[in-house]
Amino acid sequence: MVFWKSLFSSSDTATASKPAPVQGELVDIPGANPAQNNSRIFFSLDRDIDLYELEELCDAVGWARRPLRKVKKAMQHSFLVVSMWQVRGARKQLIGFARATSDHAFNATIWDVVVHPDFQTQGLGKALMKYTIKKLRNEDISNITLFADPHVVDFYARLGFISDPEGIKGMFWYPN
Ligand SMILES: CC(C)(COP(=O)(O)OP(=O)(O)OC[C@H]1O[C@@H](n2cnc3c(N)ncnc32)[C@H](O)[C@@H]1OP(=O)(O)O)[C@@H](O)C(=O)NCCC(=O)NCCS
């Protein structure tokens, strides 16, 4: 676990005139910091994220746009918000995101898992999910669920998620 100042303890100092304005707890991802271009990748639990930047990330993977006022409300009422950042000198970029809702005791559901296409297939999605699960487990939450799009079922299965455990089916109700 590292805090902001340690970001600039290495050769980043040469390029960073002042720190990029990331706040909150920042956590190193073991093995996922490419040495290239002095860039490093961090997690943050700060939920005060620029919604336009989050929208850009969601646009990049082709998700349908959602009203920002509702996204803001969803973030405010989430139990956990995890963002993943690439920091290069004084520049920071939002490259991944996940959040979870919860009853704060037994159950949590993970939503909006996304890694920017430029950063996919490097193990970052897995790291993001593992970090999110760890944070939920730290709160003693044992029942973690999510809704997987068909093309990512195997991604979640590799992380230990099971479809239809004991035949239990997710059921949905939509307005007509
Ligand atoms: C799904 C997503 C988060 C995966 O992120 P990623 O950083 O590319 O994934 P990783 O590189 O960490 O992959 C971890 C493992 O899952 C596998 N994997 C990744 N994407 C996969 C997919 N779509 N289907 C099956 N396996 C997948 C990888 O091969 C890797 O396997 P390994 O552990 O055996 O090496 C990313 O592709 C994404 O943001 N997609 C668009 C948004 C989306 O669909 N989100 C899910 C909504 S439910």
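Just follow the structure's listing: the first ligand is 1, and inside any ligand the first atom is 1. Because the structure is predicted, anything quoted here is derived from the model rather than measured.
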Note to self: Using 0.5 Å steps for rounding, measure from the CZ atom of Phe79 to the CZ atom of Arg99.
What the structure shows: 13.5 Å
Item checked: Interfacing atoms of ligand 1 (cut-off 4.0 Å, heavy-atom, Val114) -> 39 (O)
Next item on the list: Could you tell me the residue and atom name of the protein heavy atom closest to atom 16 (O) of ligand 1, and the distance to it rounded to 0.1 Å?
Entry: Phe155 CD1, 3.4 Å
Checklist line | Atoms in ligand 1 flagged as close to His151, the criterion being non-hydrogen separation under 4.0 Å | finding: 22 (C), 23 (N), 24 (N), 44 (O)
Next item on the list: Give the numbers and elements of all ligand 1 atoms closer than 4.0 Å to a heavy atom of Asp154.
Entry: 25 (C)
Next item on the list: Show your reasoning for whether salt bridge (Lys or Arg N to Asp or Glu O under 4.0 Å) applies to Asp112 and Arg66.
Entry: CA-CA 12 Å; Asp112 300 341; Arg66 300 176 293 188; 3.2 Å; yes
Next item on the list: Taking only heavy atoms of Val152 into account, list the atoms of ligand 1 that are under 4.0 Å away from them.
Entry: 1 (C), 23 (N), 44 (O), 46 (C), 48 (S)
Item checked: Backbone of Val115 reached by a side-chain donor or acceptor of Gln120 within 3.5 Å -> yes
Please report, to 0.1 Å, the donor-acceptor pairs under 3.5 Å made by any side chain of residues 164-176, with sequence neighbours excluded.
residue	atom	partner	partner atom	Å
Asp164	OD2	Lys169	NZ	2.9

Item checked: Protein non-hydrogen atom below 4.0 angstrom of atom 21 (C) of ligand 1 present -> yes
Note to self: With side-chain contact (heavy atoms from CB on, under 4.5 Å) as the criterion, how do Leu57 and Trp63 come out once you've worked through the C-alpha distance, each side chain's angles and the decisive distance to 0.1 Å?
What the structure shows: CA-CA 9 Å; Leu57 174 62; Trp63 283 353; over 6 Å; no
Check: In terms of residue, atom name and distance, what is the protein heavy atom nearest to atom 39 (O) of ligand 1?
Finding: Val115 N, 2.8 Å
Checklist line | For atom 45 (N) of ligand 1, closest protein heavy-atom neighbour | finding: Val113 O, 2.8 Å
Margin query: I'd like to check which ligand 1 atoms, numbered from 1 as shown, lie under 4.0 Å from a non-hydrogen atom of Gly123.
Written below: 10 (P), 11 (O), 12 (O)
Check: Backbone, side chain, both or neither: what part of Tyr156 comes under 4.0 angstrom of ligand 1, heavy atoms only?
Finding: side chain
Next item on the list: Please report which non-hydrogen protein atom sits nearest to atom 47 (C) of ligand 1, along with the residue it belongs to and the distance in Å to one decimal place.
Entry: Asp149 OD2, 3.7 Å
Notebook entry, point to check: At a 4.0 Å threshold, what atoms of ligand 1 neighbour a non-hydrogen atom of Thr121?
Noted result: 6 (P), 7 (O), 8 (O), 11 (O)
Item checked: Protein heavy atom at shortest distance from atom 40 (N) of ligand 1 -> Gln120 NE2, 3.6 Å
Notebook entry, point to check: Quick one: CD1 on Ile141 to CD1 on Ile133, what's the gap to the nearest 0.5 Å?
Noted result: 12.5 Å
Notebook entry, point to check: Is Gly125 in polar range of ligand 1, meaning some N or O pair under 3.5 Å apart?
Noted result: yes
Check: Under 3.5 Å, side chain of Ser78 to main-chain N/O of Leu80, donor-acceptor pair present?
Finding: no
Checklist line | Geometric class of the Phe43/Tyr131 ring pair [parallel <30°, tilted 30-60°, perpendicular >60°] | finding: parallel
Check: Any idea which protein heavy atom is nearest atom 15 (C) of ligand 1, and the distance to it?
Finding: Arg158 CD, 4.0 Å
Margin query: Can you name the atoms of ligand 1, numbered from 1 with element, that are less than 4.0 Å from a heavy atom of Lys126?
Written below: 12 (O), 14 (C), 33 (O)
Check: How about Trp85 and Ser83: does a side-chain donor come under 3.5 Å of a side-chain acceptor?
Finding: yes
Item checked: Presence of salt bridge, Lys92 and Asp50, under 4.0 angstrom -> no
Checklist line | Ile110 vs Met129, side-chain contact (heavy atoms from CB on, under 4.5 Å): CA-CA, chis, key distance, verdict | finding: CA-CA 9 Å; Ile110 297 175; Met129 283 299 297; 3.8 Å; yes
Check: Can you tell me if Ser102 uses its side chain to pair, donor with acceptor, with the backbone of Asn107 under 3.5 Å?
Finding: yes
Next item on the list: Measure the distance from atom 42 (C) of ligand 1 to every protein heavy atom, then report the residue, atom name and distance (to 0.1 Å) of the closest one.
Entry: Trp63 CZ2, 3.5 Å
Check: Near Phe147, which atoms of ligand 1 are under 4.0 Å from a heavy atom of that residue?
Finding: 48 (S)
Checklist line | atom 33 (O) of ligand 1: any protein heavy atom closer than 4.0 Å | finding: yes
